[in-house]
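Working notes, structure below.
Throughout, residue positions are numbered sequentially from 1 according to the sequence presented.
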Amino acid sequence: MKNETGQPIRIMMRPTRKAALCFSLSVPVALIVVTAFSQAWYVALYLPLAALAFIVADTSMALPGAKVRASLKLPPRLYVGRAASIAATLNVAWSGRAPVGQLLLAYGGDQPPAILYPTLTGGTQDLEFALTPQRRGRIAVNALWMRWRGPLGLVEIRRTQPVQQYIDITPDVKGIHEAALQFLSREAVYGVKTQHMRGEGTEFDTLCDYAQGMDNRFIDWKRSARHRKLLCKEFRQERNHHVMLGFDTGHLMLEPANGMPKLDHAIKAGLLLGWISLYSGDLVGGFGFDARLRNFIKPGRGMPYFTQFQSFSSALDYHAEETNFTLGLAELDSRLQRRSLVVLFTEFVDSISAELLLESLQRISRRHVVVFVTMRDPMLASLQNKKPQVFSDVAEAVLAGNFLRERAIVLERVARLGVHCLDVPPQGMSAALLNRYLLIKQRGLL
């Protein structure tokens, strides 16, 4: 028997534990009958045969594997960290009602299998497998396993249907679009949307009559004296700034946080910042590095360029190598031809391992505006604030406090270099990074 793609479907039948228990109990009972009633020894032979007869009868009454047809409808892509479902259709050509079976969808890699417990009745059933991808890449859907039992529960039928299809797991662009649209539509009903584009930059645009509520710092006193009325300067936002998003793909960024690797949290925040920057008229580029420079994309402009930047972020692979900040940031500095906003998503452990990072940040911050983004580990804070019950809790609290103190020392040294530091939890990274980007543009630091 073959499926739609020509791959063989395997159907197996085997006795259950209940059948094995019944048969194994029939043997000592037969011995007891032979011992107690030696003249009726032939009756003892019928007990194991009766157990086998019940197994055969249950096999004949069970739902045949050839009567079940299953098909899957796989989506072309899924988004990391976002719950999704895989649709399945069961077609059972059976007039009876079988017991509740188990439907298992096996994936390749680290993804755990999805299990359903449908009732196998005649007709067509539409089912859905819940799936929440935890890492980017490709999920190989290997096989669809089905198993059910006979009416007496003595026989189990297994049906294995090979699938061998793949699902691409990409960054959560859907969530990026929702967050970006929510940000851009904020207070648009009240007419503040255009004011964000005209009144918060540093490039002079025009003069206007002073009205109550305007900032007194923007009053042009010389022109006001010449025209004998108060005039205010209006500014507009500068465009065409270069925004470079750097992603550390080393082993420290593979540590999970809230169910996803830290690298995926960084990519999600970087995609949102890239979308807003392109919408604001800036040029957005990116690079990924660990022991060497892995990925690089030149800064580009326009909303259609976001598709290329999305492809770049999807190509950022996981690497279990130590990050070489000296080589990575030096290579980036040599490729940037003008002053840019460099956003670096990275992670460090202690002050000793961060020495080379500090030297590289000091060199690159002389030419560019640097935003240093790290993810705060909630486990360290919970260990430090945990009420100790045994001596091991005290030791864990002391170690967690040492790590937090060294982390604070490194962040303070980074801030003294003129670098903008963001040490935020993963769920608040996107909002904090976007606010810092708007603050940098508002102050005209670029």
Closest approach of [X] and [Y], non-hydrogen atoms and distance?
X	Y	answer
R436	C421	NH1-O, 3.9 Å
L271	F306	O-CE1, 3.5 Å
G281	R301	O-NH1, 4.5 Å
A315	N295	O-ND2, 3.7 Å
P171	S314	CD-OG, 3.2 Å

pair [X]-[Y]: side-chain heavy atoms closer than 4.5 Å:
X	Y	result
I86	I167	yes
H368	D333	yes
F287	L245	no
N324	D290	no
N435	L433	no
S280	I276	yes
L344	V373	no
L74	V141	yes

For the backbone of [Y] and the side chain of [X], can you confirm whether one donor and one acceptor N or O come within less than 3.5 Å of each other?
X	Y	result
H265	A257	yes
D58	V155	yes
S71	R69	no
S277	G274	no
T249	F289	yes
R159	V68	yes
S311	T307	yes
T160	W145	no
N91	T124	no
E322	G250	no

Point to revise | Residues in ring pair (Phe, Tyr, Trp, His ring centres under 6.0 Å) contact with F312, at least two apart in sequence or another chain | key: F309
Is [X] salt-bridged to [Y], going by a charged N under 4.0 Å from an acidic O?
X	Y	value
D317	R294	no
R407	E347	yes
D393	K387	no
E355	R413	yes

Exercise for review: Any chance you could lay out the side-chain contact (heavy atoms from CB on, under 4.5 Å) test for L327 and L293, step after step, and finish with the verdict?
Suggested key: CA-CA 8 Å; L327 178 61; L293 188 65; over 6 Å; no
Check your understanding: How far apart are the C-alpha atoms of F247 and F345, what are their side-chain angles, what is the distance that settles it, and do they pass the ring-ring contact (aromatic ring centres under 6.0 Å, His included) test?
Key -> CA-CA 5 Å; F247 300 94; F345 298 93; 5.1 Å; yes
Practice item. Kindly confirm or rule out a cation-pi arrangement of R136 over Y318, judged by NZ or CZ under 6.0 Å from the six-membered ring centre and within 45° of its axis? Key: yes
Roughly how far, to the nearest 0.5 Å, is the [atom2] atom of [Y] from the [atom1] atom of [X]?
X	Y	atom1	atom2	value
M244	I297	CE	CD1	9.0 Å
L404	L380	CG	CG	5.0 Å
L445	K441	CG	NZ	12.0 Å
L131	R82	CG	CZ	13.5 Å

Exercise for review: Tell me, yes or no, whether the heavy-atom count around M13 atom CE, taken from other residues, nucleotides or ligands under 6.0 Å, exceeds 12.
Suggested key: yes
Practice item. For the pair T323 and D248, evaluate side-chain hydrogen bond (donor to acceptor under 3.5 Å, both in side chains) and give the outcome as yes or no after the intermediate values. Key: CA-CA 7 Å; T323 305; D248 178 5; 2.6 Å; yes
Practice item. Assess whether side-chain contact (heavy atoms from CB on, under 4.5 Å) is satisfied between L278 and D282, documenting all intermediate values. Key: CA-CA 5 Å; L278 291 173; D282 293 334; over 6 Å; no
